[in-house]
K.L.:
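Here it is: the structure, laid out below.
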Amino acid sequence: MTSTRLIQLSSSSYRDYLRTCLEDGGKFLGLYACRTGITCLVEGGSGSISALSCDTPDKKAPSIVDLAFNANWDEREAHDLYGIEFDGHQPLRPLVNHDSKLDTWTVRLEGEEPYQVAVGPIHAGIIESGHFRFHVVGDRILHLDPRLFYKHRGLEMAAESKHFKEAISYVGRACMACSVSNTLSYALACEDILGLQATNELSRTRTLLLELERIWNHLNDIGAVCAGVGMAAGNAIFGYLVEQVRRICEQVTGHRFMARSIQVGKSEIEVDGSTVEQVRTKLGEIRKLFESSWRDLVFNSTFQDRLTGVGIISQENAKLYGVVGPAGRASGLSRDNRSRDKSLLYRDFEVSMLKDPSGDVKSRFDQRELELNQAFDIVSALLEGDIASATCEVRRGPRTPDEQDCIDSDNSDTGRIGVGLVEGPRGSTLCAVELDGQIIKRVHLRSASFNNWQALAKCTIGNLLPDFPLINKSFELCYACVDR
Amino acid sequence: MIILLNNLRKIRKSENLMRPRKVRSLAVRHCDGGSCNGCEHELSLLSSPCYDFQRFGLSVVASPRHADVLVVTGSITVAMVDAIRRAYGAMPEPRKVVALGACALGDGVLGQDDRIIGRLDDILPVDMRIEGCPPTPEQIINGLTKLLEQA
Ligand code: SF4
């Protein structure tokens, strides 16, 4: 495990540095602001993470959206929360702020035919709050402007000045559906700063919880697609399956969503061997019911017909928007954080890919089935013997070349900023933590949903308005994770 | 489709849910006032074969116009206040309000003071409080059926 390296740059060298990183095979991971400047996170070709930090005394920074297109929302958020102006990002539309006129946050479409359909923030079903502006002609979507952040609770700012052990509850509160992914990325970020490394036992517990979260979410999301085409029987079966897994989560962690199960530096979860065995058997039954129900869906041609060719993200667009998670893989991007992971138990992990990923609703749907089966396999291999409470150990041994490298160079630093990167059910979840001693200076959570909403809006273009619920469900992104 | 329906039939049989003798009806409109999505995920399971809330005459309706009760979740963000008030205003009388989950009850809410109101009581008259973080589907059904008895 290598530490995150902090690289202090001037606002004139920041763009060039990032460009070189990206040209060398690096990947943009996220950007956030704080009171004194902005920080951009990139993953180098070797898998090490750098934090490019740049002071902004005049509240101005150069935009990087032309280099990393999916920094769009990051810059808009940094502007709304910290007043940073991004030079070259035009127009810099409001994202978090809602007290602005319609034409400041929507794209203007000219002509006599296009009209707008406004939906939300309150929706017709049991759905989180968010607003959509569809620009349509007839039933055809020309453009979609989503407006989220109705649920912005200011969790990140509220966590500042708290002890790092206390601040994990703020991260956990962001989203219950991704509670393990989010808090685990936070814990890894803190451990990155503190120089701690999980023991094998701790990694095992964490991997188990993360995969359980993936299982219930994928079951839920498959059910959601059934609901999206109005197939009640499918929705009902998958609702049943979700409930069964939620009961298992409660049995293992004491909470149906595994809230508060992740802690910095340790785990207090204890499960005796016979319960572990019970859980294994139960999961086996769940898997069987899932497989037979899935087969039925595969051979239901009316159902399948609704999924094919709808809501396509081409591989090219997926790359441009940096689409993560099952949605990215369904468009042919073979990235999965689990294959680069060194802090959890994903040895010999191989990214599951469809034979012919075409980026439509059907591909995203089928991708989930692949990953579900993989998650069932991982979990069943981990469910052997007691689960005992566990801790971290202080990282020892020689420094890695990367670490040595950043000690040698004079403008970089480790130990003040930490980054945790986890593959959640919806994709890459990142948490960046800056500490002052043990006190939180800044914490930033960038969930897979935050990244993928931008692509979702894009892939509705040209589709029919009545297909939107289905396209939406094929991503099943959280609003809570994004809004924080 | 046959396998799916067969699976469902088996589930129904094994769950063997009690059917109440007397059934009345309550149309529910849900409104997310800034939740963590936990309350929503549990609400969604009410219609699953494990709980089948319709056996109590409960249903979720698409518009506040059709609703008897407004179920509000979350820490009530400032950005949602207007929408919640408008949904309430659109409901026909008599109407009831349920605060669902610890957040809506103002219990242990986290966030920035200028972004959240922190409890539903401060913006609407609350008739029923359902505790839990999130409340389990069972707790939600208990709360809603109690509301039915009161009516
Ligand atoms: S009560 Fe709990 S589950 Fe419900 S919105 Fe609040 S934090 Fe989430």
Side-chain angles (χ1 to χ4, degrees), chain A residues 98 120-130 149-159 169-170 172-179 220 223-224 231-244 246 255-257 259 289 292-293 295-297 299-300 302-303 478-481 483, chain B residues 1-8 10-12 15 28-52 60-64 71 73-80 82-84 86-87 103 108-116 133-134 136-137:
Chain A
H98 285 183
I122 304 179
H123 301 280
I126 300 169
I127 305 172
E128 296 184 81
S129 292
F149 289 89
Y150 281 89
K151 299 165 59 123
H152 179 60
R153 290 146 284 162
L155 287 167
E156 290 182 2
M157 272 199 202
S169 46
Y170 289 78
R173 191 57 70 80
C175 178
M176 197 61 97
C178 311
S179 81
N220 176 76
M231 192 202 208
N235 190 32
I237 291 268
F238 282 90
Y240 173 82
L241 290 168
V242 169
E243 171 66 24
Q244 302 311 308
R246 227 166 258 170
H255 191 273
R256 283 164 58 86
F257 293 82
L289 180 57
S292 86
S293 308
R295 226 168 297 133
D296 199 284
L297 291 176
F299 291 110
N300 188 329
T302 314
F303 173 75
C478 312
Y479 302 60
C481 269
D483 296 358
Chain B
M1 198 68 177
I2 288 174
I3 304 174
L4 270 189
L5 293 175
N6 230 340
N7 284 346
L8 257 184
K10 275 188 230 151
I11 290 170
R12 288 247 149 78
E15 291 290 304
V28 175
R29 178 79 283 261
H30 155 254
C31 175
D32 164 12
S35 75
C36 76
N37 202 3
C39 285
E40 279 67 24
H41 270 288
E42 292 294 48
L43 267 172
S44 310
L45 285 186
L46 294 186
S47 57
S48 76
C50 310
Y51 300 104
D52 185 18
V60 172
V61 291
S63 164
V71 171
T73 63
S75 45
I76 319 300
T77 54
V78 173
M80 278 305 292
D82 186 41
I84 297 171
R86 280 211 244 170
C103 287
V109 176
L110 299 181
Q112 244 173 298
D113 290 345
D114 57 341
R115 297 287 185 176
I116 53 175
C133 179
T136 61

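None of the values given here were measured: they were computed from a predicted structure. In what follows, chains are A, B, ... by sequence order, proteins preceding strands, each numbered from 1.
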K.L.:
Are B/Glu42 and A/Phe257 packed together at the side-chain level, in the sense that at least one heavy-atom pair is separated by less than 4.5 angstrom?
P.N.:
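Yes, side chains in contact.
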K.L.:
Working to the nearest 0.5 Å, report the span between CG of A/Leu155 and CZ of B/Arg115.
P.N.:
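Rounded to the nearest 0.5 Å, the CG-CZ separation comes to 11.0 Å.
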K.L.:
Please classify the contact of A/Asn220 with chain B as side chain, backbone, both or neither, using a heavy-atom distance under 4.5 Å.
P.N.:
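For A/Asn220, the side chain is the part near chain B, not the backbone.
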K.L.:
How far does CG of B/Asn37 sit from NZ of A/Lys151, to the nearest 0.5 angstrom?
P.N.:
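Answer for the CG-NZ pair, B/Asn37 versus A/Lys151, is 5.5 Å.
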K.L.:
Can B/Ser48 and A/Val242 be said to form a side chain to side chain contact (heavy atoms under 4.5 Å, CB included), step by step?
P.N.:
CA-CA 9 Å; B/Ser48 76; A/Val242 169; over 6 Å; no
K.L.:
CG/A/Asp483 to SG/B/Cys36 distance, rounded to the nearest 0.5 angstrom?
P.N.:
12.5 Å
K.L.:
I'd like to know whether B/Leu4 forms a side chain to side chain contact (heavy atoms under 4.5 Å, CB included) with A/Leu297, so could you lay out the CA-CA distance, the side-chain angles of the two residues, the decisive distance to 0.1 Å, and finally the verdict.
P.N.:
CA-CA 8 Å; B/Leu4 270 189; A/Leu297 291 176; 3.9 Å; yes
K.L.:
Heavy-atom pairs under 4.5 Å with chain B are the metric here; pick the option from A/Cys481, A/Ser169, A/Ala236 that has the most.
P.N.:
A/Ala236
K.L.:
For the pair A/Ile127 and B/Glu40, evaluate side chain to side chain contact (heavy atoms under 4.5 Å, CB included) and give the outcome as yes or no after the intermediate values.
P.N.:
CA-CA 7 Å; A/Ile127 305 172; B/Glu40 279 67 24; over 6 Å; no
K.L.:
Is it the backbone or the side chain of A/His255 that comes under 4.5 Å from a heavy atom of chain B, or both, or neither?
P.N.:
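The side chain, not the backbone.
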K.L.:
Looking at A/Glu156, A/Gln244, A/Met231, A/Met157, which one has more heavy-atom pairs under 4.5 Å with chain B than the rest?
P.N.:
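Highest number of pairs under 4.5 Å: A/Met157.
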K.L.:
Any donor-acceptor pair under 3.5 Å linking the side chain of A/Asn300 with the backbone of B/Met1?
P.N.:
no
K.L.:
Counting only non-hydrogen atoms closer than 4.5 Å, does A/Arg295 touch chain B with its backbone (N, CA, C, O), its side chain (CB onward), both, or neither?
P.N.:
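Looking at A/Arg295, nothing touches chain B.
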K.L.:
Taking side chain as everything from C-beta outward and backbone as N, CA, C, O, which of these in B/Leu45 sits under 4.5 Å from a heavy atom of chain A? Side chain, backbone, both or neither.
P.N.:
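Side chain only.
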K.L.:
Does any backbone or side-chain atom of B/Leu43 lie under 4.5 Å from a heavy atom of chain A? Answer side chain, backbone, both or neither.
P.N.:
both
K.L.:
Could you tell me which portion of A/Tyr170 (side chain, backbone, both or neither) has an atom closer than 4.5 angstrom to a non-hydrogen atom of chain B?
P.N.:
both
K.L.:
Applying side chain to side chain contact (heavy atoms under 4.5 Å, CB included), run through A/Met176 and B/Cys133 and close with a yes or a no.
P.N.:
CA-CA 10 Å; A/Met176 197 61 97; B/Cys133 179; 4.3 Å; yes
K.L.:
Show the nearest heavy-atom pair for residues A/His152 and B/Thr77, with the distance to one decimal.
P.N.:
O-CG2, 3.6 Å
K.L.:
Measure across B/Leu5 and A/Ala233 and return the closest heavy-atom pair with its distance rounded to 0.1 Å.
P.N.:
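That closest heavy-atom pairing would be CD2-CB, 3.9 Å.
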K.L.:
Report which part of A/Ala174 has an atom under 4.5 Å of a heavy atom belonging to chain B: side chain, backbone, both, or neither.
P.N.:
backbone
K.L.:
Please classify the contact of A/Arg256 with chain B as side chain, backbone, both or neither, using a heavy-atom distance under 4.5 Å.
P.N.:
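A/Arg256 touches chain B through side-chain heavy atoms alone.
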K.L.:
Of the non-hydrogen atoms in A/Glu243 and B/Tyr51, which two are nearest, and what is the gap between them?
P.N.:
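That would be OE2-OH, 2.6 Å.
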